[in-house]
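This report concerns only the one structure given below.
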Amino acid sequence: PKYSVRSSSLQRRALSPLLEFSLRSSHFLTHSLSLSMGSSSTFSLCSHPTVNFEFNGRKVGYGLQKSLSSSSSYCLIHISPICTSRRRKCLQLRRVIVRAASSSSTSPRRSTNTRRAYKESQAQTPALPVDRIVSFVVPAGAFVVISFVLWKLVEKVLLPKPAKTTSEENKSTQGLKWSIAAGTNLLPGFGAKIERESKLRLNDFAKELRSFSIVDMSGRNFGDEGLFFLAESLAYNQTAEEVNFAANGITADGLKAFDGILQSNIALKTLNLSGNAIGDEGAKCLCDILANNSGIQKLQLNSTGLGDEGAKAIGEMLKKNSTLRVLELNNNLIDYSGFSGLAGSLLENKTLQSLHLNGNYGGALGAAALAKGLESNKSLRELYLQGNSVGDEGVRALISGLSLRKGKLVLLDLANNSITARGAFHVAEYVKKSKSLLWLNLYMNDIKDEGAEKIAEALKENRSITNVDLGGNDIHAKGISAIAEVLKDNSVITSLELGYNPIGPEGAMSLAEVLKFHGNVKDLMLGWCQIGAKGAEYFADMLKYNSTISTLDLRANGLRDEGAICLARSLKVVNESLTTLNLGFNEIRDEGAFAIAQALKANEDVRLTSLNLASNFLTKLGQTALTDARDHVFEMTEKELAVMF
């Protein structure tokens with residue numbers, strides 16, 4: 001047989017796969033015909049045919065020989081072009097027809113019946129067009145896909161989800177890894193690396209616990225698992241005395257790691273667990289462990305979410321523990337009930353010396369409960385009650401209990417408790433009688449001038465208090481004048497905080513005139529007091545004569561360049577006591593900076609070690625002048641001067 005392929009395409013390589021497919025199809029059909037006729041003779045329709053290609057009238061032939069008995073047969077393949085362009089030629093197989101026909105001559109080796117049967121069989125097997133096959137297959141496939149998708153959607157909506165078993169839930173969390181680095185609970189892909197790094201770091205931490213007496217591991221975020229690992233290093237540890245585990249994501253379950261550890265450790269003196277959400281349950285667990293501990297003297301549980309139940313558990317622990325000296329429970333959720341539990345423990349405890357309850361919710365009732373516990377307690381020396389909304393009534397009850405006790409209280413912190421002049425009266429009465437109190441804090445209350453005058457009267461009689469904090473109490477010039485009069489005869493007070501009071505230039509003048517030649521004040525804080533440039537002039541004149549003040553804080557007083565220039569004149573004079581000067585937030589510009597720089601260069605024996613001019617209006621010129629003055633001071637005195645701008 002003879003095959004001819006007509007096409008207008010010039011891409012012969014694109015025709016080769018189609019031709020090979022056609023030839024193989026012809027061979028397959030011929031083989032099928034031979035089987036259907038049941039003939040014993042074998043023949044091949046396209047064993048070695050000759051194939052001619054015709055491209056635009058030019059014939060290209062491949063030498064393939066035929067071998068088919070003596071009959072003449074042919075196979076015709078039509079390939080018609082669909083589109084032709086300059087860059088892209090597209091061909092589509094339109095129709096494949098395989099035909100076999102006999103020639104006019106007959107072969108003596110085959111009978112007429114055989115040829116007729118072959119022709120009839122060939123005529124009964126026409127080839128199916130490709131378009132008809134595709135038109136049937138594509139819609140059927142699309143129907144099957146759409147049916148499958150709809151079935152899945154219906155199954156997901158209608159069928160309930162099976163409940164997870166405990167084992168499945170455990171398996172789902174096995175891929176999560178804890179990390180001591182930033183970002184915990186990482187994906188399983190990072191698990192192996194993170195676990196290796198975490199173990200290496202924990203090993204380093206464990207070495208620190210065994211090597212150093214003071215170990216700070218705050219903010220490492222190693223969690224409960226890390227604590228279980230590190231706790232083993234504390235067992236029978238004779239080196240670590242102070243350990244800081246603050247802000248590490250430790251919960252109540254993690255504190256179980258200390259069980260059996262802290263009971264046997266007698267070297268550890270300070271344990272800081274602040275910033276960990278242990279709650280009441282964690283407090284109960286820790287108290288059960290510390291009840292028999294004989295080493296820890298300072299326990300810090302600030303910002304740990306403790307409530308009344310946790311405070312009561314701590315109170316029960318204090319009844320049994322005889323070594324704890326300092327207990328910090330600041331910024332928790334302890335109310336009146338918790339205060340009562342702690343007060344009950346003070347009746348029996350004989351060793352606790354410092355109790356920190358700042359930032360809780362004790363109120364007047366909580367203060368009254370503490371007063372009952374303090375009446376019979378002789379050991380407590382420091383009481384911190386800042387920010388508990390105690391009020392005047394709470395102060396009255398508390399002072400009543402403190403007045404009856406025989407113990408010596410050295411520190412009383414009542415800051416930010418809504419105390420007015422009425423409450424200040426009760427405090428003043430206690431100050432008059434106390435011979436042990438060293439530190440009195442009434443910061444951020446509302447005692448005003450009237451309350452300041454009552455405190456001043458008490459300070460005239462008291463000869464023990466060294467630190468007085470009356471900042472933020474709306475005290476004006478009148479109240480400050482009363483405080484200044486105290487300093488004429490009182491040489492005990494060394495630290496005086498009067499910031500955030502609108503004393504103005506008049507109050508500054510009253511205070512400066514007294515401090516020229518009287519008092520023993522070393523630290524004077526007058527930030528945000530509205531003294532202005534005039535007030536700065538009074539203090540500049542005072543510094544020429546005063547020989548005690550080492551720290552002077554004049555932040556945010558509107559001094560500007562005029563005030564800075566006044567202070568610069570006093571810096572030229574030799575002052576052997578002033579070491580720290582804070583002039584931040586005063587709207588000082590380059591002119592004031594130049595004056596201060598020149599004063600520092602002129603004073604060959606300057607004692608100043610810290611000068612703060614931060615948050616002013618200095619340009620590069622003013623900063624350069626101050627830097628040169630700093631370098632000059634170092635060259636002349638070989639002493640470092642820290643300048644901040």
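Along the sequence shown, residues are numbered consecutively beginning with 1.
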Identified side chain to side chain contact (heavy atoms under 4.5 Å, CB included) partner of [X] from the options [options]:
| X | options | answer |
| --- | --- | --- |
| Leu442 | Asn417, Ile455, Val468 | Ile455 |
| Asn360 | Asn330, Asn332, Asn331 | Asn332 |
| Leu567 | Ile588, Asn586, Leu559, Ile596 | Leu559 |
| Leu496 | Asn467, Leu470, Ile483 | Ile483 |

Keeping [X] on the side-chain end and [Y] on the backbone end, is there a donor-acceptor pair under 3.5 Å?
| X | Y | value |
| --- | --- | --- |
| Thr548 | Val521 | yes |
| Asn248 | Ala246 | yes |
| Thr579 | Ser550 | yes |
| Thr239 | Phe212 | no |
| Asp631 | Ala629 | no |
| Asn276 | Ile278 | no |
| Thr466 | Thr494 | no |
| Arg405 | Leu380 | yes |
| Ser274 | Asn302 | yes |
| Ser379 | Leu352 | yes |

Any heavy-atom pair between the side chains of [Y] and [X] that's under 4.5 Å?
| X | Y | value |
| --- | --- | --- |
| Thr270 | Val326 | no |
| Leu608 | Val633 | no |
| Leu641 | Val606 | no |
| Arg463 | Asn490 | yes |

Stepwise side chain to side chain contact (heavy atoms under 4.5 Å, CB included) check, Ile447 with Val427: CA-CA 11 Å; Ile447 66 173; Val427 176; over 6 Å; no
Heavy-atom count around [X] [atom1] within 6.0 Å, excluding the residue itself: above 12?
| X | atom1 | answer |
| --- | --- | --- |
| Lys207 | NZ | no |
| Phe594 | CZ | yes |
| Lys408 | NZ | no |
| Lys378 | NZ | no |
| Phe645 | CZ | yes |

Residues in salt bridge (Lys or Arg N to Asp or Glu O under 4.0 Å) contact with Arg396, at least two apart in sequence or another chain: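 Partners of Arg396 under the salt bridge (Lys or Arg N to Asp or Glu O under 4.0 Å) test: Glu393.
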How would you list, by chain and number, every residue that makes a ring pair (Phe, Tyr, Trp, His ring centres under 6.0 Å) with [X], sequence neighbours excluded?
| X | answer |
| --- | --- |
| Tyr500 | Trp528 |
| Tyr336 | none |
| Tyr545 | Phe517 |
| Phe245 | Phe222 |

Side chain to side chain donor-acceptor pair (under 3.5 Å) partners of [X], counting only residues at least two apart:
| X | result |
| --- | --- |
| Asp392 | Thr420 |
| Asp469 | none |
| Asn358 | none |
| Lys572 | none |

Within [range] or reaching into it, pairs that qualify as salt bridge (charged side-chain N to carboxylate O under 4.0 Å, His left out) - sequence neighbours excluded:
| range | result |
| --- | --- |
| residues 514-540 | Glu513-Lys516, Lys516-Asp541, Lys534-Glu537 |
| residues 573-597 | Arg560-Glu587 |
| residues 486-508 | Glu485-Lys488 |

Criterion side chain to side chain contact (heavy atoms under 4.5 Å, CB included) on Ile531 and Leu526, from CA distance to verdict: CA-CA 9 Å; Ile531 66 173; Leu526 293 169; 5.7 Å; no
Side chain to side chain contact (heavy atoms under 4.5 Å, CB included) between Ile419 and Val390, intermediate numbers included: CA-CA 8 Å; Ile419 300 171; Val390 171; 5.8 Å; no
Side-chain donor-acceptor contact under 3.5 Å, Glu382 with Ser354: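 On atom types as modelled, these side chains qualify, holding a pair under 3.5 Å.
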Ser434/Asn462 under side-chain hydrogen bond (donor to acceptor under 3.5 Å, both in side chains): CA gap, chis, key distance, verdict: CA-CA 7 Å; Ser434 176; Asn462 182 282; 4.9 Å; no
From CA spacing to verdict: side chain to side chain contact (heavy atoms under 4.5 Å, CB included), Leu402, Leu374: CA-CA 7 Å; Leu402 291 175; Leu374 289 171; 3.7 Å; yes
Point-to-point distance, once rounded to the nearest 0.5 Å, from [atom1] of [X] to [atom2] of [Y]:
| X | Y | atom1 | atom2 | result |
| --- | --- | --- | --- | --- |
| Leu578 | Asn546 | CG | CG | 9.0 Å |
| Thr304 | Leu273 | OG1 | CG | 8.5 Å |
| Ile214 | Lys269 | CD1 | NZ | 13.5 Å |
| Tyr538 | Leu515 | OH | CG | 15.0 Å |
| Leu409 | Leu440 | CG | CG | 10.5 Å |
| Asp204 | Leu209 | CG | CG | 11.0 Å |

Salt bridge (Lys or Arg N to Asp or Glu O under 4.0 Å) evaluation trace for Glu450 with Lys454: CA-CA 7 Å; Glu450 183 183 357; Lys454 292 177 180 178; 3.6 Å; yes
